[in-house]
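These numbers come from a predicted model, not from an experiment.
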Amino acid sequence: SVMLGIGRYGFAAAFILMTSLGMDVMSRVAMPDLLLTLLFSCACFSAMAAFRQHSPGHWRLGMALLGLSALIKGPLSIALFGLILLADYAMTPAHREWLRKALRDPWAGLLLITPLSLWLLAIEWRQPGSAYYFIVNEHILRFLGLREPHDYYSGSVFYYVPRLLLFLFPWAGVFLFGWLSASRKAEPAQREVRRFLWLCVGIPFAFFSASSAKANYYIILCLPAIALLTADYLPEL
């Protein structure tokens, strides 16, 4: 939170995250989604810090964390991060020049692609066809609702709306009313940070809502950014 320019709200954001229902429930289940959430969120926040401070070090750290996150559930996190960057590029002109420069950083690219590439090569060497099955069946066909076996839910595009509010309990009201009261009062720099954090919430939420494969725990990926936003809104309440 210090790197994002909202350092005084870091403790409040951590408290909100730790006491939310979704985080409490998922911390008691033997699933890798909390680790994915940690690495993906830290990668996003490192990228935002790189934008604000024009720091190649923060950008490379973010790419390394994103590369590690891809070892947990494949290229999903890279795709979501790419959509966040694309939306930020369109919505925040001040970031464009530095982002174009950062995307040409060869060290950042290596840190991003090396972990998943080596893992895919290793499984393909031990069991030919595994890499194709992993990318196509586990990701593309899952998104389209065509993956076999069909061990996931289906639902409408509004599937995650009540679930996100439930996962945010007891902070959902604070988040919503804080957004309503603070949306037009921020300074330009604060609006820039809030816009990026909203993208870290909205892009995964929209992606999972559009997917034909649904699972309650997918939405946990949105909680860290929401916790920071909620803490940032608290003074306005």
Side-chain angles (χ1 to χ4, degrees), residues 1-10 13 36-117 139 178-179 182-210 221-233 235-236:
S1 62
V2 173
M3 293 187 297
L4 296 179
I6 52 175
R8 54 187 169 160
Y9 307 130
L36 173 65
T37 300
L38 170 67
L39 294 172
F40 176 77
S41 298
C42 288
C44 291
F45 301 157
S46 293
M48 184 62 208
F51 293 153
R52 288 178 57 83
Q53 302 179 17
H54 292 179
S55 169
H58 285 133
W59 177 253
R60 290 171 183 173
L61 173 62
M63 294 303 98
L65 292 169
L66 189 62
L68 291 175
S69 74
L71 292 176
I72 301 173
K73 287 204 168 181
L76 168 66
S77 57
I78 296 177
L80 292 175
F81 185 82
L83 291 173
I84 290 171
L85 286 188
L86 184 63
D88 184 70
Y89 185 88
M91 298 173 65
T92 313
H95 292 174
R96 293 175 185 173
E97 182 178 354
W98 197 89
L99 179 57
R100 288 194 295 266
K101 179 182 177 181
L103 291 175
R104 295 194 295 268
D105 184 347
W107 289 108
L110 283 174
L111 290 169
L112 172 63
I113 66 173
T114 297
L116 183 61
S117 298
H139 291 82
W179 169 64
S183 58
R184 298 180 181 178
K185 300 178 182 179
E187 298 295 327
Q190 194 176 30
R191 284 200 299 269
E192 181 181 305
V193 174
R194 287 178 178 177
R195 186 186 304 119
F196 188 84
L197 291 174
W198 267 105
L199 289 176
C200 294
V201 177
I203 294 295
F205 184 86
F207 182 91
F208 293 133
S209 296
L221 213 60
C222 300
L223 289 190
I226 290 181
L228 278 171
L229 283 167
T230 304
D232 196 25
Y233 293 151
E236 304 296 336

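Two residues are said to be in side-chain contact when any heavy atoms from C-beta on lie closer than 4.5 Å; Asp232 and Leu228 fail this criterion. A heavy-atom distance below 4.5 Å is not found between the side chains of Thr37 and Leu223. Counting only heavy atoms from C-beta outward, the side chains of His58 and Phe51 never approach each other to under 4.5 Å. Taking the side chain as every heavy atom from C-beta outward, His95 and Glu192 approach each other to under 4.5 Å.
A side-chain contact (heavy atoms from CB on, under 4.5 Å) with Leu65 is found for exactly one of Cys42, Cys44, Ser77, namely Cys42.
Taking the side-chain contact (heavy atoms from CB on, under 4.5 Å) definition, one finds that Leu71 meets it with Leu68, Pro115, Trp119, sequence neighbours left out. With sequence neighbours left out, His139 forms a side-chain contact (heavy atoms from CB on, under 4.5 Å) with Pro75, Leu76, Phe134.
Listed here is the closest heavy atom pair of Phe205 and Cys222: N-SG, 4.0 Å. In plain terms, the two heavy atoms of Val193 and Arg52 that are nearest each other are CG2-NH1, 3.3 Å. The minimum heavy-atom distance between Ala90 and Arg96, with the atom names listed, is O-NH2, 3.0 Å. Counting all heavy atoms, side chain and backbone alike, Ala43 lies closest to Gly62 at CB-O, 3.4 Å. Between Ser46 and Leu61, the shortest heavy-atom contact is OG-CD2, 3.8 Å. In this structure, Leu199 and Ile84 approach most closely via the heavy-atom pair O-CG1, 3.8 Å.
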Query raised in the report: What's the verdict on side-chain contact (heavy atoms from CB on, under 4.5 Å) for Trp107 and Met63, showing C-alpha distance, side-chain angles and the deciding distance?
Result: CA-CA 9 Å; Trp107 289 108; Met63 294 303 98; over 6 Å; no
Query raised in the report: For Leu80 and Leu221, what are the C-alpha separation, side-chain angles and deciding distance, and is it a side-chain contact (heavy atoms from CB on, under 4.5 Å)?
Result: CA-CA 11 Å; Leu80 292 175; Leu221 213 60; 3.6 Å; yes
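For the atom pair CH2 of Trp179 and CD1 of Ile226, the computed distance is 12.5 Å after rounding to the nearest 0.5 Å. Separating the CG atom in Leu197 from the CE atom in Met48 is a distance of 7.5 Å, to the nearest 0.5 Å. Here the straight-line distance linking atom CG of Leu110 with atom CG of Asp105 works out to 9.0 Å at 0.5 Å rounding. Between atom CG of residue Leu85 and atom CZ of residue Phe196 there is a gap of 6.5 Å, rounded to the nearest 0.5 Å. In this structure, CE on Met91 lies 11.5 Å from CG on Leu86, to the nearest 0.5 angstrom.
Between Phe40 and Phe81, the ring-plane angle classifies as perpendicular under the 30° and 60° cut-offs.
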